[in-house]
Each structure stands twice: as C-alpha cells, then as structure tokens.
Number of protein chains: 2
Amino acid sequence: MTQIPLARRSPVQPDACNLAKAIDVVGDRWTLLILRAALYGVRRFDDFQAELACPRTVLSGRLKKLVEDGLLTKRTYKSPGKRSRPEYVLSPMGLSLRPILIGLTQWGDAWLGQGETPPISFTKAGSKSAIRAAFVDIEGREVRPDQIRPVLRG
Amino acid sequence: MTQIPLARRSPVQPDACNLAKAIDVVGDRWTLLILRAALYGVRRFDDFQAELACPRTVLSGRLKKLVEDGLLTKRTYKSPGKRSRPEYVLSPMGLSLRPILIGLTQWGDAWLGQGETPPISFTKAGSKSAIRAAFVDIEGREVRPDQIRPVLRG
DNA sequence: CTGAATGGGTTCGCATTTGAAATCCAGACT
DNA sequence: AGTCTGGATTTCAAATGCGAACCCATTCAG
C-alpha cells in the first residue's frame with residue numbers, strides 16, 4: 001500500500017488549487033445530494049424536496065447556487081393542460097461530475113455497505129460485467145494507484 | 001451529450017444508498033479539505049491548521065469524526081528530543097478516496113481553472129503523459145461515459 | 001365566477017453549528 | 001522552577017440551519 005511521505009504543507013496553496021475551488025462548489029451535503037438526484041433524472045423542485053426531505057429554504061438556496069455556478073440550467077417545462085414551471089437540468093459541467101459520483105458510490109459500496117450487495121451497480125452497455133472508477137493513461141489503459149505520480153507546474 | 005430521462009424519484013432510496021452514506025462521511029467542506037491535505041502528506045494538528053486556516057474547534061471535531069469513521073488512524077509519533085504527539089494518517093479506507101479527489105481536482109481544472117495550466121497534474125510513473133480519472137471494465141480498458149448503464153439489484 | 005388544488009417558492013422564529021480568541025495542559029528544555 | 005510548544009477544550013457572538021406557515025400564480029371543478 002502506498003504510504004504518503006510526511007509533509008508540513010500541501011504543495012499547492014488551497015486558494016490556488018482547483019480541488020479547493022471544486023470543494024467550494026460541491027463540498028456540501030445538500031448540494032451533493034441534489035446532484036445525486038439530478039444524475040438520476042430528478043428535475044423539479046417538489047421532486048427534489050420529496051427525495052431529499054430537506055427544508056425548502058435550503059433547497060431553494062442550493063438550487064440557486066448550483067444555477068449560478070453553472071452546474072444546473074433552469075428552464076421552463078409545460079405538461080399539457082398545466083401551467084409552465086421551471087425545471088433544473090444538469091448542464092455539461094454538472095453531467096461531467098457523474099464519474100466522480102459513481103466513484104464515490106463505489107467507495108461507499110466497498111467501505112460502508114456492510115457486506116451487502118450494492119443496490120445499484122454499473123456496467124458497460126451490452127455487457128454484464130461491472131465497471132469501476134480508475135485512472136487511465138492517454139491511450140485509455142488503466143494505471144494502478146501506486147503508479148500515480150503528482151507533477152507540479154513549473 | 002447524454003441526456004438523462006426525467007424521473008420523479010431516484011431509483012434507490014437515499015438512506016439505502018451507499019452514495020448517500022458516503023456523502024454523510026465526506027460531504028463536508030472541512031472534511032474534504034482535511035482529506036486533501038492528508039493525501040498530500042499532512043499529518044499533524046498544527047500543520048492541518050496552518051494549511052486550512054480553520055478554527056481549531058472545527059479541526060479537532062472533524063479529525064475526531066474522521067478517526068471514528070475509519071478514514072484516519074490516530075497514532076503517536078516522537079521526534080528525538082521532543083515529547084510524543086498524535087498524528088493522523090490515512091487508513092486504507094481514506095487512501096482509497098484518492099482517485100475520487102484526483103478526479104475532482106481534474107474536474108476543477110476543467111471547469112473552474114479559468115483556462116490556466118493546472119498547478120498540479122498526475123502522470124504514470126516513468127511516463128510524462130497525463131493520466132485522468134475514467135471508468136474501466138473488468139479487463140482495465142476504458143469505458144466511455146455514454147456506455148455506462150446503471151443496474152439495479154434484484 | 002367563485003373556490004379549491006397544485007407547484008414553486010419566501011418569510012419567520014428558533015436551534016444548532018461555526019468562527020475567533022482565550023485558555024488549558026502535558027512534557028521537554030533552560 | 002519557569003518557559004516553550006503542540007494539541008486540544010472553553011467561551012460567546014455571528015452565521016447558518018431547520019420546520020412550519022404563509023404567499024402567489026395558474027388551472028380545474030362546480
């Protein structure tokens with residue numbers, strides 16, 4: 001197992017680090033739960049609310065921030081015979097978080113699932129064997145975790 | 001671009017979902033920032049504090065929770081001529097979050113980096129070309145995002 | 001033309017969490 | 001004995017969170 005050498009500070013200041021910026025955008029419980037629901041296709045205010053069981057104030061605030069940050073797009077839908085309503089759909093920026101949330105799901109399956117079969121898993125279309133989050137080189141071949149090396153700019 | 005079909009509810013109840021459980025464990029700004037630092041090798045209370053600039057109360061609480069949840073291991077170190085101190089090192093459970101945080105870093109590079117060269121990137125040992133987070137099938141070959149299919153248990 | 005129903009919020013009051021600073025504590029060094 | 005230092009807890013104001021109630025516009029039913 002990779003042992004990480006002791007460091008007094010991280011090599012990149014948090015405020016210059018895109019990971020820290022990403023954490024500012026998605027590093028919040030409700031925000032992550034909203035994105036989880038959105039990736040499953042939930043789009044409407046009341047559906048989010050039923051799904052998350054969170055205060056409407058919080059939901060309203062988080063949706064607004066997600067739209068401002070560009071992860072969700074607010075647009076209008078209209079079912080026939082009903083008035084038009086806003087719905088919140090994932091933008092490309094939001095959609096591209098999918099691998100990360102699937103990775104986190106699988107991490108949860110491995111460490112928090114108490115040995116039970118995961119309720120949901122992922123396969124390649126047309127295949128039955130499971131896929132997993134990993135790293136690949138430029139040619140799409142897997143790179144094992146102990147082969148990963150950080151490189152600082154400069 | 002994959003368009004996700006409308007759903008009123010997600011296919012897995014949040015409290016049965018390992019993603020939701022994972023979010024309960026790591027879905028917090030300070031927790032994520034602590035893990036970020038830990039993955040770069042930070043281990044000691046004051047080093048975390050200098051790195052994060054967060055209240056010591058909050059840091060103390062988060063470290064305790066991370067130990068309880070099993071992501072960090074509290075152990076003792078002793079520099080010669082100094083008294084022994086606790087340090088917080090990543091457990092295997094914590095280490096296995098690395099791909100996810102690297103993935104999130106690259107997501108931030110892509111969407112929040114304002115076109116600048118990322119301050120840190122990752123390569124395969126002995127190679128110069130960058131690696132990226134992706135999905136692989138059982139044989140370690142990449143699976144494109146639009147090929148991913150969720151499968152419910154049952 | 002009312003009146004209720006529905007979806008999508010906002011307002012309000014209170015409880016919890018957070019932040020910043022001060023304090024505490026144990027062991028090593030002088 | 002006194003001081004320094006890393007690792008925390010205490011204190012209290014300020015921010016954020018929660019839940020419930022309320023508001024608003026539209027549509028449908030009578």
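Values in this document were obtained by computation on a predicted structure and should not be read as measured data. Residue numbers start from 1 in every chain, and the chains themselves are labelled A, B, ... in the order their sequence lines are given, proteins ahead of strands.
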Yes or no on salt bridge (Lys or Arg N to Asp or Glu O under 4.0 Å) for B:Asp146 and B:Arg144, after CA distance, side-chain angles and deciding distance? CA-CA 6 Å; B:Asp146 57 338; B:Arg144 309 249 110 186; over 6 Å; no
Could you give the side-chain donor-acceptor pairs of residues 43-52 of chain B under 3.5 Å, partners two or more places apart or in another chain?
residue	atom	partner	partner atom	Å
B:Arg43	NH2	A:Ile4	O	2.9
B:Arg44	NE	B:Tyr77	OH	3.1
B:Asp46	OD1	B:Arg56	NH2	3.4
B:Asp47	OD1	A:Arg8	NE	3.2
B:Asp47	OD1	A:Arg8	NH2	2.8
B:Asp47	OD2	A:Arg8	NE	2.6
B:Asp47	OD2	A:Arg8	NH2	3.4
B:Gln49	OE1	B:Arg56	NH1	3.3
B:Gln49	NE2	B:Cys54	O	2.6
B:Glu51	OE1	A:Arg9	NE	3.0
B:Glu51	OE1	A:Ser10	N	3.0
B:Glu51	OE1	A:Ser10	OG	3.4
B:Glu51	OE2	A:Ser10	OG	2.2
B:Glu51	OE2	B:Arg36	NH1	3.1

Side-chain donor/acceptor pairs under 3.5 Å, residues 112-123 of chain B, sequence neighbours excluded:
none

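In this structure, B:Leu59 places its CG atom 16 Å from P of C:dA21, rounding to the nearest Å. In this structure, B:Lys78 places its NZ atom 18 Å from P of C:dA26, rounding to the nearest Å.
Listed for the A:Trp107 side chain is no donor-acceptor partner under 3.5 Å among the backbone atoms of B:Pro99. The backbone N or O of B:Leu71 sits nowhere less than 3.5 Å from a side-chain atom of B:Asp69 that would complete a donor-acceptor pair.
Taking the side chain as every heavy atom from C-beta outward, B:Leu101 and B:Leu32 approach each other to under 4.5 Å. Side-chain contact between B:Leu104 and B:Ile100 is absent, with no heavy atoms from C-beta onward closer than 4.5 Å. By the 4.5 Å heavy-atom criterion applied to side chains, B:Ser96 and A:Trp111 are counted as neighbours.
Nearest nucleotide to the side chain of A:Arg62, out of D:dG17, D:dC18, C:dT18: D:dG17.
With a 3.5 Å limit on both pairing distances and Watson-Crick or G-U wobble geometry required, the stems of 3 or more pairs in DNA chain C span C:1-30 with D:1-30.
Take the nearest nucleotide of DNA chain D for B:Lys64 and for A:Val58: the residue whose nucleotide is more 5' is B:Lys64.
Atom CD1 in B:Ile148 sits 5.0 Å away from atom CZ in A:Arg98 (nearest 0.5 Å). A:Ile138 CD1 to B:Lys124 NZ: the interatomic distance, rounded to the nearest 0.5 Å, is 12.5 Å.
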Dump the pairs, protein N or O against N or O of nucleotides 12-14 of chain C, anything under 3.5 Å, distances to one decimal.
none

Contacts under 3.5 Å, N or O only, protein and nucleotides 22-26 of chain D:
residue	atom	partner	partner atom	Å
D:dA25	N3	A:Arg83	NH1	3.1
D:dT26	O4'	A:Arg83	NE	3.4

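Listed pair B:Tyr88 / D:dA8 meets the phosphate criterion, a side-chain N or O lying under 4.0 Å from OP1 or OP2.
Listed in residue order, the members of residues 21-53 of chain B having a heavy atom less than 4.0 Å from DNA chain D are B:Arg44, B:Phe45, B:Asp46.
Salt bridge annotation for A:Asp28-A:Arg62: present, with a cationic side-chain nitrogen under 4.0 angstrom from a carboxylate oxygen. Under the 4.0 Å criterion applied to side-chain N and carboxylate O atoms, A:Arg85 and A:Glu87 are not assigned as salt-bridge partners.
Among B:Val26, B:Leu90, B:Thr31, B:Thr73, the one residue that satisfies the side chain to side chain contact (heavy atoms under 4.5 Å, CB included) test with B:Leu66 is B:Thr31.
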